[in-house]
Number of protein chains: 2
Amino acid sequence: METAITKSLKAGGKKLTKARKAILAVLEGNTLPVTVAEVHAGLVKARVGVDLVTVYRNLAMLQELGLVNAVGFHEGQMRYEVVHGRAHHHHIQCRSCGKIVDLMLCPLKKLTKLIEEQTRFSVDGHALEFFGWCPQCR
Amino acid sequence: METAITKSLKAGGKKLTKARKAILAVLEGNTLPVTVAEVHAGLVKARVGVDLVTVYRNLAMLQELGLVNAVGFHEGQMRYEVVHGRAHHHHIQCRSCGKIVDLMLCPLKKLTKLIEEQTRFSVDGHALEFFGWCPQCR
DNA sequence: CTCTTACTTGCAGACCGTTTGCATTTACCA
DNA sequence: TGGTAAATGCAAACGGTCTGCAAGTAAGAG
């Protein structure tokens, strides 16, 4: 099967290994961004023997190919989510229980041009996360 | 001298120690957010003997009192900046050289209410950082 | 189909930012 | 000035992430 993802892998000179398939399957089974440990736990549960290091290496690779997004909530670890087929969006995390919810919005498109004029940087991305208390914890 | 900061410390039951004064002095000498290691290096340069652990503990404490802001660029470490007297703002960092520039803007005030309606979270903060290439690196 | 080679993986261990425990020191108030 | 809670330094642990290297494997060439 030639999915968009396998196509990108091939284009990047990457092989479609058993580990890679399993990691992608775990990622695609989660709507919300997951930690490396969570991906690894998902592999264990699926009875796929893949080393934690391999998960790190593959997530880094998938991120470089633009197939996966890294999201950080200043938890001391990163989270990852698949990009394919999803609109650009952001998240909110509960300060109490850590729950994460998708926010299908982004107010920053217009701002980029303004920032480029002000700073003379060429802007190519942004990180935006919200924090608060979820209905259960507030 | 009774500055706004010393007042806040006293209100929090905190003592104004030599280490604390020195740490605050380093922070106030920097407009841009600095790492813990940079604060510590600043103390060494100022010939003030303060342990790295003490820097960590004080920055955490200052953050809890709301005197200091934590900023993360997904570098594997946090950065800190003093809040006092500065307007709420964000930053952009160069992906190549790591240079950081202040952005004296925030487009998110209106959005908060919308998010609260959509998610039923009570929103109490956000992290917004931009990335790109600075004039020297682009 | 098998050969070949570049890409991948697992394992062990290093690395680095951050945190903790505990004994000692210090700021501050009565 | 003396007593006490808070703060510090040191050593050591911790957790997430990365690296080196030898062994394993996907995938195109023939």
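Here is how names work: the chains are called A, B, and so on, in the same order as the sequence lines, proteins then strands, and each is numbered from 1.
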K.L.:
Just the rounded figure in Å: distance from C1' of C/dT19 to CD of B/Gln63.
P.N.:
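Taking atom C1' of C/dT19 as the reference, CD of B/Gln63 is at 15 Å.
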K.L.:
I'd like to check the side chain to side chain donor-acceptor pair (under 3.5 Å) partners of A/Asn69; sequence neighbours left out, ordered by chain and number.
P.N.:
none
K.L.:
Just to verify, what does A/Glu75 make a salt bridge (charged side-chain N to carboxylate O under 4.0 Å, His left out) with, not counting sequence neighbours?
P.N.:
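With sequence neighbours excluded, A/Glu75 shows a salt bridge (charged side-chain N to carboxylate O under 4.0 Å, His left out) to A/Arg79, given in chain and number order.
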K.L.:
So what is the end-to-end bend of the helix from C/dC1-D/dG30 to C/dA30-D/dT1, with 5 pairs used at each end and the value given to 10 degrees?
P.N.:
30°
K.L.:
Just grab all the side-chain hydrogen bond (donor to acceptor under 3.5 Å, both in side chains) pairs involving residues 100-112 of chain B, residues at least two apart or on different chains.
P.N.:
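Listed by first then second residue: B/Arg86-B/Asp102, B/His91-B/Asp102.
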K.L.:
Does a side-chain N or O from A/Arg20 land closer than 4.0 Å to OP1 or OP2 of C/dC7, or not?
P.N.:
no
K.L.:
Could I get the full list of ring-ring contact (aromatic ring centres under 6.0 Å, His included) partners for A/His126, not counting sequence neighbours?
P.N.:
A/His88, A/His90, B/Phe130
K.L.:
Scan nucleotides 26-30 of chain C against the protein and return all N/O pairs shorter than 3.5 Å with their distances rounded to 0.1 Å.
P.N.:
residue, atom, partner, partner atom, Å
C/dA27, N3, B/Lys15, NZ, 3.0
C/dC28, OP1, B/Leu16, N, 2.9

K.L.:
How close do A/Phe121 and B/Cys94 get, counting heavy atoms only, and between which atoms?
P.N.:
CE2-N, 3.5 Å
K.L.:
The criterion is side chain to side chain donor-acceptor pair (under 3.5 Å); which residues satisfy it with A/Gln136, sequence neighbours excluded?
P.N.:
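For A/Gln136 the side chain to side chain donor-acceptor pair (under 3.5 Å) partners, ignoring immediate neighbours, are A/Lys99.
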K.L.:
Will you find, in the side chains of B/Glu81 and B/His89, an N or O donor that is under 3.5 Å from an N or O acceptor?
P.N.:
yes
K.L.:
Which Ile, Leu, Val, Met, Phe, Trp or Tyr residues join B/Phe73 in one cluster when any pair of side-chain heavy atoms under 4.5 Å counts as a link?
P.N.:
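B/Leu32, B/Val71, B/Ile100, B/Phe131, listed by chain and number.
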K.L.:
Chain B on DNA chain D: first and last contacting nucleotide, 5' to 3', under 4.0 Å to a heavy atom?
P.N.:
D/dA5 to D/dA11
K.L.:
Nearest-nucleotide wise, let me know which of A/Gly13 and B/Met78 is further upstream toward the 5' end of DNA chain C.
P.N.:
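Mapping each residue to its closest nucleotide by heavy atoms, the 5'-most match is A/Gly13.
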K.L.:
Under the salt bridge (charged side-chain N to carboxylate O under 4.0 Å, His left out) rule, collect the residues that match up with A/Arg120, sequence neighbours excluded.
P.N.:
none
K.L.:
Between P on C/dT9 and NZ on A/Lys21, what's the gap in Å once rounded to a whole number?
P.N.:
12 Å
K.L.:
Would you say the side chain of A/Leu65 lies within less than 4.5 Å of the side chain of A/Ile5, judging by non-hydrogen atoms?
P.N.:
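Side-chain contact under 4.5 Å: no.
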K.L.:
Would you give me the side-chain donor-acceptor pairs under 3.5 Å for residues 49-61 of chain A, sequence neighbours excluded?
P.N.:
residue, atom, partner, partner atom, Å
A/Asp51, OD2, A/Val53, N, 2.9
A/Asn58, OD1, A/Arg20, NE, 2.5
A/Asn58, OD1, A/Arg20, NH2, 3.3
A/Asn58, ND2, A/Thr54, O, 2.9

K.L.:
For residues A/Pro135 and B/Thr119, report the shortest heavy-atom separation together with the two atoms involved.
P.N.:
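Heavy-atom minimum between the residues: CG-O, 3.9 Å.
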K.L.:
Determine whether B/His74 and A/Met78 make a side-chain contact, defined as any pair of heavy atoms from C-beta on separated by less than 4.5 Å.
P.N.:
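Yes, their side chains come closer than 4.5 Å.
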K.L.:
By a strict heavy-atom criterion of less than 4.0 Å, which residues belonging to residues 29-59 of chain B are in contact with DNA chain D?
P.N.:
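Within this stretch, B/Gly49, B/Val50, B/Asp51, B/Val53, B/Thr54, B/Arg57, B/Asn58 sit under 4.0 Å of the strand.
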